[in-house]
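All heavy atoms count here, side chains included; hydrogens, waters and symmetry mates do not.
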Amino acid sequence: MSFMFKPLAYDDTQAVNRIALPGGIGRQVLTDSKAIADRLVAAAAGELAAGEGAVLGIDGYIGAQYGELAEAIQESAGRRNILCRIVDMRDLYKPEEEIKRLTADSLPENYEDDPVLLFGRLYRGKIDDFIDESKAEAALEKAAGGLTVLCGSGSCAACLRPYLDKMAYVDVTPKVAAIRAREGRFANIGDREIRPFNLLMRRNYFVDFEVAVKLRKELLQKNLLDFYLLGNENGQYMMMDGAVMDLIFSELVRYPFRAKPVYLEGIWGGEFIRKVRHIPEDISGNIAWIFEFIPMEVSIVVDLEGLRADFPFSTFVQKKGMEMMGQRCVEEFEGYFPIRFNYDDTWHSNGNMSVQVHPDEDYVVEQYDEFGRQDEAYYVIATGHGARTYCGFKGDGREFLELARQSERDGRDIDYKRYIHSLESVPGRQIMLPAGTIHASGRNQLILELGSLTIGSYTYKVYDYNRRDKDGNTRPIHTKNAEKVLRFERDGAWVQENIAIEPVLLKETDQYVEYVVGKTDLMYYETHRIELCTGGVYEGSNNGQFTVVTVVDGEQARISSKSHPEFSYTARFLDVVTIPATIEDYEIRAEGYQPVVIHKTLLREGYTRYKNPAYKDRTVEKG
């Protein structure tokens with residue numbers, strides 16, 4: 001999750017996946033807190049042997065809440081005349097200062113290069129590192145005939161499992177976790193007090209989320225969970241057996257699916273998405289980013305006989321990644337879904353996105369111990385008057401950088417158009433943006449932005465027009481970082497020849513035309529544009545991997561397995577749909593009275609995660 005994540009309080013109710021499940025599955029999912037507590041106590045009580053006790057571990061993702069659940073469990077145990085004791089994981093962590101020493105390398109305080117402390121290094125350890133095992137041994141000694149309930153992050157850590165008789169996990173979506181962080185409802189692991197929001201989320205990104213994700217992945221892939229709970233924004237729970245969760249995911253991965261997007265406002269935000277999706281104006285003054293399918297940011301909603309379960313998408317990936325992405329992809333990207341999709345909306349806005357650059361794998365790996373390079377790509381969907389996309393240098397790039405530094409000091413505006421090459425934004429144009437390329441999306445357009453493994457945390461703003469954020473603060477500039485990664489030789493001629501190519505015809509039939517619109521050896525994915533006639537059908541193959549398709553023009557399209565047409569999803573304008581590797585051959589049918597244009601993204605043939613072979617064998621736990 002990106003640590004400057006401030007989602008709007010809005011849910012897209014259309015992003016629902018409807019799948020065929022055995023009848024009565026909805027009745028196996030509990031939503032009443034009393035029924036949930038009774039089920040947990042009954043399962044744990046079954047472990048109570050004569051003269052012995054039992055321990056129930058209730059773990060959860062960062063931001064999960066346990067208080068009301070613990071109270072309900074105590075009440076349920078009381079009704080059964082079972083002695084029940086609640087143990088809070090916060091009492092079993094090592095001292096705060098010791099945890100700070102353990103995580104210090106992940107949270108450097110380099111104000112010169114990182115003035116507002118955005119960046120860090122991924123923590124390589126596990127949540128077990130933060131647990132005091134001597135405290136745990138004393139706290140989890142089984143009381144004769146009694147039930148001990150251990151609650152909190154790390155309750156099901158490997159070092160504690162020998163004490164546990166049953167295990168449950170409370171999952172929350174990234175959106176819920178971010179809202180609770182913003183509201184100050186939880187502290188970082190081991191902290192006694194809650195840090196300021198930006199520092200809390202920085203620690204979350206580089207440490208807390210990392211160790212929680214590793215633990216959740218282990219619990220899911222080893223089938224260790226007896227119970228799986230979802231905690232929603234209102235503090236209510238939905239609980240199912242671990243086997244039921246597996247059944248739901250096993251069916252879902254056979255279908256094309258859509259994630260539930262998350263919406264954010266921004267200083268350059270526009271109006272296009274708001275109008276298309278009928279988002280109420282009182283939600284926000286504008287909508288800048290639409291996290292349509294950023295794997296670590298979004299969730300996936302499944303209809304369970306009228307009951308809607310909202311799962312973190314990353315949980316789905318951890319459980320069914322092989323079926324979803326294919327073996328080659330899982331091995332190359334270590335189980336992490338390798339492409340992200342979001343919309344940048346500057347349509348009818350007051351300005352451009354910042355002039356910025358992203359680092360390549362050498363810098364990202366060495367500085368942050370992250371996954372690899374941060375590449376991006378812009379696909380133009382809609383434009384207003386004068387819309388342009390900026391990429392590559394036009395004048396002296398080093399002179400521009402010096403002017404940007406001077407502007408950072410004295411607040412003088414720069415004639416950035418003199419130095420930054422730009423292209424007219426035309427719907428259907430694809431611009432690939434390999435790491436190191438200076439770029440910015442101009443005002444008055446809607447862009448489908450694609451990205452690689454990193455999820456937006458490594459954006460170095462070079463020039464931001466001396467704007468201030470909504471709180472009146474100057475937005476941070478990162479010219480020192482930018483200078484280390486900028487490719488100054490990438491000028492307008494290089495852009496035209498390498499990353500803003502003219503469409504290449506791939507195939508033409510009486511029902512569709514397919515073009516390659518984005519492809520470069522510098523990036524591991526490529527993009528196509530498919531223009532379907534009204535009622536036309538396109539047939540494609542996944543070749544053992546996944547494909548992501550987006551309806552970028554037209555009314556709607558039905559995306560389905562060719563051999564099993566019941567596995568389908570009907571996508572509307574701007575929906576981003578993933579066709580998992582379980583679907584070998586698929587078809588896309590233009591529905592309605594209009595032609596349809598599809599943007600298609602796939603992993604490039606012969607792709608590799610790193611351009612630098614020295615990083616090929618790195619081991620990273622994420623996603």
Side-chain angles (χ1 to χ4, degrees), residues 2-4 108 110-121 202 266-268 344 351-370 372-378 389-422 431-442 449 451-467 469 473-492 494-495 499 522-523 611-612:
S2 58
F3 45 83
M4 293 303 290
N110 180 3
Y111 289 95
E112 185 175 355
D113 292 344
D114 186 9
V116 294
L117 298 184
L118 290 174
F119 309 126
R121 296 181 66 85
R202 180 193 189 216
I267 195 168
W268 43 260
D344 302 327
N352 306 334
M353 293 178 67
S354 63
V355 179
Q356 58 190 246
V357 67
H358 307 296
D360 62 16
E361 71 265 30
D362 287 342
Y363 198 76
V364 169
V365 172
E366 292 170 5
Q367 294 296 314
Y368 311 123
D369 215 8
E370 259 277 15
R373 59 192 297 115
Q374 183 167 330
D375 300 316
E376 291 186 349
Y378 287 168
T389 299
Y390 298 87
C391 55
F393 288 108
K394 181 167 61 176
D396 185 334
R398 294 190 181 277
E399 181 178 333
F400 172 73
L401 184 63
E402 288 305 315
L403 289 172
R405 284 176 172 151
Q406 181 65 34
S407 175
E408 188 178 2
R409 291 190 293 268
D410 61 23
R412 294 182 184 180
D413 291 341
I414 301 174
D415 182 8
Y416 64 94
K417 295 179 183 179
R418 177 182 170 189
Y419 296 93
I420 309 299
H421 173 70
S422 68
I431 302 170
M432 309 300 276
L433 297 167
T437 307
I438 195 85
H439 65 279
S441 176
E449 177 185 312
S452 54
L453 278 175
T454 50
I455 58 174
S457 299
Y458 306 107
T459 296
Y460 303 145
K461 296 185 183 71
V462 183
Y463 181 62
D464 194 41
Y465 324 102
N466 294 302
R467 293 182 294 201
D469 62 24
N473 301 314
T474 302
R475 304 222 301 166
I477 302 298
H478 312 100
T479 51
K480 288 192 175 183
N481 302 81
E483 183 177 21
K484 298 171 185 176
V485 301
L486 273 168
R487 301 295 296 268
F488 291 100
E489 75 278 10
R490 293 181 182 173
D491 57 11
W494 184 89
V495 167
I499 62 173
L522 295 174
M523 296 167 62
K611 305 306 293 183
N612 186 337

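Atom CZ of R418 has 12 or fewer heavy atoms from other residues, nucleotides or ligands within 6.0 Å.
R412 has its side chain out of reach of Q406: every pair of non-hydrogen atoms, C-beta onward, lies at least 4.5 Å apart. Proximity of C391 to L433: side-chain heavy atoms (C-beta onward) are separated by under 4.5 Å at one or more points. Taking 4.5 Å as the limit, some side-chain heavy atom of V462 sits within range of a side-chain heavy atom of L401. Proximity of Y460 to Y363: side-chain heavy atoms (C-beta onward) are separated by under 4.5 Å at one or more points. At a threshold of 4.5 Å between non-hydrogen side-chain atoms, the residues V355 and Y390 do not count as touching. No side-chain heavy atom of S452 sits less than 4.5 Å from a side-chain heavy atom of H358. Side-chain contact check for P434 versus R373: some heavy-atom pair is nearer than 4.5 Å. Considering only heavy atoms from C-beta on, L522 stays 4.5 Å or farther from D375 through its side chain.
Among all heavy-atom pairs drawn from P108 and G120, the shortest one is CD-CA, 4.0 Å. The two residues S354 and Q356 come nearest to each other via the heavy atoms OG-NE2, 2.9 Å. Summarising the geometry of A482 relative to V357, their closest heavy-atom pair is CB-CG1, 3.8 Å, with the distance given to 0.1 Å. The two residues P359 and A435 come nearest to each other via the heavy atoms O-CB, 3.3 Å. For T437 against R490, the heavy-atom pair with the smallest separation is OG1-NH1, 2.8 Å. When every heavy atom of R467 is checked against every heavy atom of N352, the shortest pair comes out as NH1-O, 2.7 Å.
The distance from the CG atom of L486 to the CD1 atom of I438 is 5.0 Å, given to the nearest 0.5 Å. Here OH of Y465 is found 11.0 Å from CG of D413. Values are rounded to the nearest 0.5 Å. Between the CE atom of M353 and the CD atom of E449 there is a distance of 6.0 Å, given to the nearest 0.5 Å. Here the CD1-CG distance, from I477 to D464, works out to 5.0 Å after rounding to the nearest 0.5 Å. Distance check, rounded to the nearest 0.5 Å: CG of N466 to CD of E408 gives 9.5 Å. Note: E361 CD to E366 CD = 9.5 Å, rounded to the nearest 0.5 Å.
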Stepwise side chain to side chain contact (heavy atoms under 4.5 Å, CB included) check, I267 with R475: CA-CA 10 Å; I267 195 168; R475 304 222 301 166; 3.8 Å; yes

Full working for side chain to side chain contact (heavy atoms under 4.5 Å, CB included) between W494 and R487: CA-CA 11 Å; W494 184 89; R487 301 295 296 268; over 6 Å; no

Steps toward side chain to side chain contact (heavy atoms under 4.5 Å, CB included) verdict (N481, Q367): CA-CA 10 Å; N481 302 81; Q367 294 296 314; over 6 Å; no

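Salt bridge E483/R405: present, at least one basic N to carboxylate O contact under 4.0 Å.
Applying the side chain to side chain contact (heavy atoms under 4.5 Å, CB included) rule to I414 yields the partners F400, L403, A404, S407, Y463; only residues at least two apart in sequence or on another chain are considered. Partners of K417 by salt bridge (Lys or Arg N to Asp or Glu O under 4.0 Å), not counting sequence neighbours: none found.
For the ring-ring contact (aromatic ring centres under 6.0 Å, His included) test with H439, the passing option among F393, Y416, Y378 is Y378; the others fail.
Here the side chain of D114 pairs a donor or acceptor atom with the backbone of L118 at under 3.5 angstrom.
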